[in-house]
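The structure appears below as C-alpha cells.
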Amino acid sequence: MKYQRIKGTVDILPSETGKWIYLEEIIRNVMARFNYKEIRVPMFEATELFARGIGEGTDIVNKEMYTFTDQGSRSITLRPEATASVVRCYIEESLGKKAPLTKVYYIGPMFRQEKPQKGRQRQFHQFGAEALGSADPRIDAEIIAVSVQVLKDCGINQYEVALNSVATPQVRAKHREKLLEFVRPIASQFPEVDREKIDRNPLRLFDSKLELTQQLLQGAPLLEEFYDDEVRRDFDIVKETLTRLGIPYASDPRLVRGLDYYTRTAFEIRSPLLGAQDSLSGGGRYDLLVEELGGDPTPAVGFAAGMERTLIVMEAIGKSDYGEKPLDVFVIGESEAERKQALLLAKQLRDSGKTVDLDYLARSQKAQMKEASRQNARFALFVFADDIPGGRFQLKNLASGDQQTLSVDEIIKSIKFPASSGSPS
RNA sequence: GUGGGUGUAGCUCAGUUGGUUAGAGCGUCAGGUUGUGGCCCUGAAGGUCGUGGGUUCGAGACCCAUCACCCACCCCA
C-alpha cells in the first residue's frame, strides 16, 4: 500500500459519521439550552499565541505542537486546544466591549504530536465552552453542568467529577515554598520521572500515578491549607451550587491541571470505561489568561471535552442506535425505457422531499431488490414497461411485503409518515 | 522518547514439532426456469502470508532488521 494515514490520524467512515452527527446534535442542543453560541476560530494560529497562552513550561508547548514555517517565514502552529484561540478572538474582536458576558462553544479538531494509544490521537476532536466576563463562582458550576449534561444526554451515567481549586498565583507561591521545604530534603528518593517535577512544578507531584511518589508525599503541605478567604469562599460557592444542581462531585486536592493558565476552580470528569486516558472532560477558571494575551483583565471559565473518548464510552455502554434515517424508496427498473422512467420518478420523489436511490450498475432486478434491502429502504418502487403509459407503478412495502399500484401523487402520500420517527434508543 | 503485544483474503480469524496446489466464517458477485429482497442451497472471484535479508533440500511458521498498528509509561480531552 503506497499511501496510508499518517500516524495518529483516523478516517471516519461513512458508516461511522452517523454517530458523530448524533453526538454533535446533542452538544449543540445542550449548548443552546444553556445559551452558549457557537464560535468558529481558525485551526492554526501564530505559534506565539499557544506558547504564551498555554504556558512555556507545559508538555503541550514543549513537545507536542505541530509547528511549521509558512511561505512568509512565519511560525504557525496547528491548534493543540481551542481556548487560546477563543481568547485571542475575544480580544481581537472586542467581544468584551459588545456585551458584558460572552458565552461561546466550539466543536472541532485539535492536533498534538503524542504517541497514539487508546483514547489518544494526534488529530482528535474536542468540544468545549467558554464564559468570559464573570467572576461569579456560580458560572464555574454552570460550565461543569454543561459538560455533565452532554454526558447525560449521551446516556452516559458512569463518570466522576473531580473538583479542586488551584487558587491564585499568590497562594500557589506560598504553598510552593513550603512544599519545596518538605520535598527538597527527600528529593533523591523520588522516582526519576517525578524528580524533575520538583524544580519545574512541584504541585504536579501530587497527580503522579506512582505509588512511591504518593507515599513520599504523605504529610506534605497541601495547597488548600494556604487558601485565602476569597479562594475558600469561591470554592465553597462552586461546591454548594453543584450540590444545588444535583451534580455529584468529589473533592480532589491532588487534581492539578496540565495547562498553566488555570486559577481557582479546576475540574476533570473521568470515566472508568476508558483506558489509561480516562479523562472525558476537563476545565476550570482562567482569570489571568485574557490579560496575559493582551486584553483587559477579564475573569473567565471554560472546559474542553474529548469527542473520541465520549464515543468510546458510548460504544462501551452499548449505544449503537443513533437514529439514522433509512432510505425511503429504491426505484427499480431493468430495460432502457424502465430506467428512464425510474430516473424521472426518483426526481419527482426527491423533489417532494423523499430520500431516494436507484441502480446505476446495470444490475438485474433481483440484484436491485437486494440493494434495496441492503440500503434498508422502506419501499421498493417497480417500474415495468407495461405500466409506463398508465403512469401507475407498483410500490412495495419492504417490511410488510404489501404491494399496491399507485400514481406518483399517491406514492408521495403513502410514504409521508416515516415508519420510525428516528428517535435514538 | 521508552517498554510490551500483534501483523495470513475487503472484515474477523484458523493454519499442528518448518514438508506438496494456504483454509473457514462473514462480506462481494452469479445462479436456484415463468418480471420481486431478507432465510436457505450451489458456485465464483479474491492472498507478493506487512516489507527486506538470512538459516534450510524445503519457511506463513525459525533468526535478524525494518515498517505499521494496538496497549502501557509520560502527558492529557
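Note that the structure is predicted; figures quoted are calculated from it, not measured. Reminder, nothing fancy here: chain letters follow the sequence lines and each chain counts from 1.
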What nucleic acid atoms does [X] come within less than 4.0 Å of, heavy atoms only: base, sugar-phosphate, or nothing?
X	answer
A:R112	base
A:E338	nothing
A:A304	sugar-phosphate
A:E64	sugar-phosphate

- Taking only residues two or more places apart in sequence, or in another chain, which ones meet A:K7 in a side chain to side chain contact (heavy atoms under 4.5 Å, CB included)? A:P116, A:R122
- Among A:Y106, A:W20, A:F111, whose ring pair (Phe, Tyr, Trp, His ring centres under 6.0 Å) with A:H125 holds? A:W20
Does [N] pair with anything, Watson-Crick or G-U wobble, both distances under 3.5 Å, and if so, with which nucleotide?
N	value
B:rG47	none
B:rC39	none
B:rA24	B:rU12
B:rU2	B:rA72

- Message: Short of 4.0 Å, heavy atom to strand atom, which residues of residues 279-289 of chain A count as contacting RNA chain B?
- Response: A:S279, A:L280, A:S281, A:G282
Are any protein N/O atoms closer than 3.5 Å to N/O atoms in nucleotides 66-68 of chain B? If there are, list each pair with its distance.
none

- Query: In a check of side-chain hydrogen bond (donor to acceptor under 3.5 Å, both in side chains) between A:R285 and each of A:T263, A:T265, A:D140, which one passes?
  - Reply: A:D140
- Could you check how far CD of A:Q277 sits from P of B:rC76, rounded to whole Å?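 That distance rounds to 10 Å.
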